[in-house]
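Chain identifiers are assigned alphabetically (A, B, ...) following the order of the sequence lines, protein sequences preceding nucleic acid strands; residue numbering begins at 1 within each chain. This one's a predicted model, so the numbers in the text were calculated from it and none came from an experiment.
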2 protein chains.
Amino acid sequence: MSDTREQLLEVAERLTQTKGFNGFSYLDLAEEVGIKNSSIHYHFKAKVDLAIALVERTHDDLLTAMADLDKSNITPEKRIKSLISYFQGYIKEEKYCLCGMMAAELQTVGPKVKKRLVAYFADLQAWLEKQFKALGHKDAKVRALQFVSALEGSLLLARLENKPSVVGQALGNLIK
Amino acid sequence: MSDTREQLLEVAERLTQTKGFNGFSYLDLAEEVGIKNSSIHYHFKAKVDLAIALVERTHDDLLTAMADLDKSNITPEKRIKSLISYFQGYIKEEKYCLCGMMAAELQTVGPKVKKRLVAYFADLQAWLEKQFKALGHKDAKVRALQFVSALEGSLLLARLENKPSVVGQALGNLIK
DNA sequence: ACACCTATCTACATGTATATAGATTAAATT
DNA sequence: AATTTAATCTATATACATGTAGATAGGTGT
């Protein structure tokens, strides 16, 4: 298995999270990985294919993280708090959520990416709904929507104001 | 006063809200307004100057809207609901909040824009805090932060899922 | 040894992006 | 009428961006 492809994804992920998918080029990517920019086309024929791979990778990551939390023997409340930490980690590296970023750039990434973004947020919301149900909340579905909204918005503000604590403050009332 | 400058700002505002500030060029802008792209430099020397003008304009718009709501003889609750409508209007045009968009693209817009984005969100939050205080909420400050977070996040999701109602659902519990 | 595959390279094509210099036009001022 | 200012234009510079074509070098399997 090609290590280069993996490296390209890692660097592209970081660049998307920091500068946006329209904020870097194949040349930026190539220089960081140490190959020629034309060689990237071997791994990702067009830039949109890179975008698709990035969203799928991020989605898979999230599914794995959520499945791990499901397996672990802790309360739903602690599961949710762990998920918050998962996202909060972005802030100290001045990153934003990759799927949130692409959702902002929605009109430029094409329908295939859009479809996968919808799936990403649907899965995130579904998992949260399950946790809220386990906590006995009648409004689990709406609460999950409120949570995802507040999460994405607070990640934006936290990075802007350089205050990771903003994320916890914005989500605090939804957990208990 | 130059009408062209105003037109440029209007088109640039829409393009930023739909495609992101890095998602359009001076050429796109020029073609829509009907001048040559080099002529834009007369009005906005560099693209960053356009970005600054856009954020300031959006900020002024918001301050005016909030001042109008303060003047009008309605309850704080209705004032907040009116503000929600103000932002919700973006969705049916497939737009996202201009300042939210630039906050996502933060690492590419430069420190001058960043400073103005911080000011924009500070004023929005301060106004909301005032309304929540008028409603007798002890946690007015935190609540305002939660509101802004949920607002920005829900605008992102509402556009992605083409469901304007998402905004109201995400903010509902914070008003009452 | 030969054919094939993987991953990269060089070289190029085409178009875009931001920006500058200097000419031109038209309106406003003296 | 002459001068100045505002706004736009043409033409150009420089750099970047995405992508294609074809060559190359090294490894794999028969």
Review point. For the side chain of A:Ser38 and the base of C:dT10, is some donor closer than 3.5 Å to an acceptor across the two?
Key: yes

Point to revise | Inter-residue atom distance B:Glu56.CD - B:Lys112.NZ, 0.5 Å rounding | key: 10.5 Å

Check your understanding: Given C:dT8, is OP1 or OP2 found less than 4.0 Å from the side-chain N or O atoms of A:His43?
Key -> yes

Review point. When the ring planes of B:Tyr120 and B:His59 are compared, do they come out parallel, tilted or perpendicular, using 30° and 60° as the limits?
Key: perpendicular

Study note, to complete from the structure: B:Lys47 atom NZ is separated from C:dT18 atom C1', nearest whole Å, by 9 Å

Revision key, fill the gap. Between CZ of A:Phe44 and P of C:dT8 the distance, given in whole Å, is 11 Å

Exercise for review: Give a yes or no on whether a salt bridge exists between B:Arg14 and B:Glu10, defined as a side-chain N under 4.0 angstrom from a carboxylate O.
Suggested key: no

Exercise for review: Indicate yes or no: does B:Lys45 engage B:Asp49 in a salt bridge with an N to O separation below 4.0 Å.
Suggested key: no

Practice item. Please list, by residue number, the residues of residues 8-37 of chain A whose heavy atoms come closer than 4.0 Å to an atom of DNA chain D; answer none if no residue qualifies. Key: A:Ser25, A:Tyr26, A:Asn37

Check your understanding: With nearest nucleotides of DNA chain C determined for A:Tyr42 and A:Ser39 from heavy-atom distances, which residue corresponds to the more 5′ nucleotide?
Key -> A:Tyr42

Review point. Is any NZ, NE, NH1 or NH2 atom of the basic residue among B:Arg57 and B:Glu6 found under 4.0 Å from an Asp or Glu carboxylate oxygen of the other?
Key: yes

Check your understanding: Can you tell me how far P of C:dT6 sits from CG of A:Asp3, to the nearest Å?
Key -> 17 Å

Exercise for review: Compare side-chain N and O positions of A:Lys45 against OP1 and OP2 of D:dT18 and report whether any pair is under 4.0 Å apart.
Suggested key: no

**Study point:** Whole-Å distance separating the CG atom of B:Leu50 from the P atom of C:dT18
**Key:** 10 Å

Exercise for review: Establish, for the pair A:Lys47 and A:Phe21, whether the NZ or CZ atom is under 6.0 angstrom from the six-membered ring centre and no further than 45 degrees off its axis.
Suggested key: yes

Check your understanding: Given atom CG of B:Asp49 and atom C1' of C:dT18, what is their separation to the nearest angstrom?
Key -> 12 Å

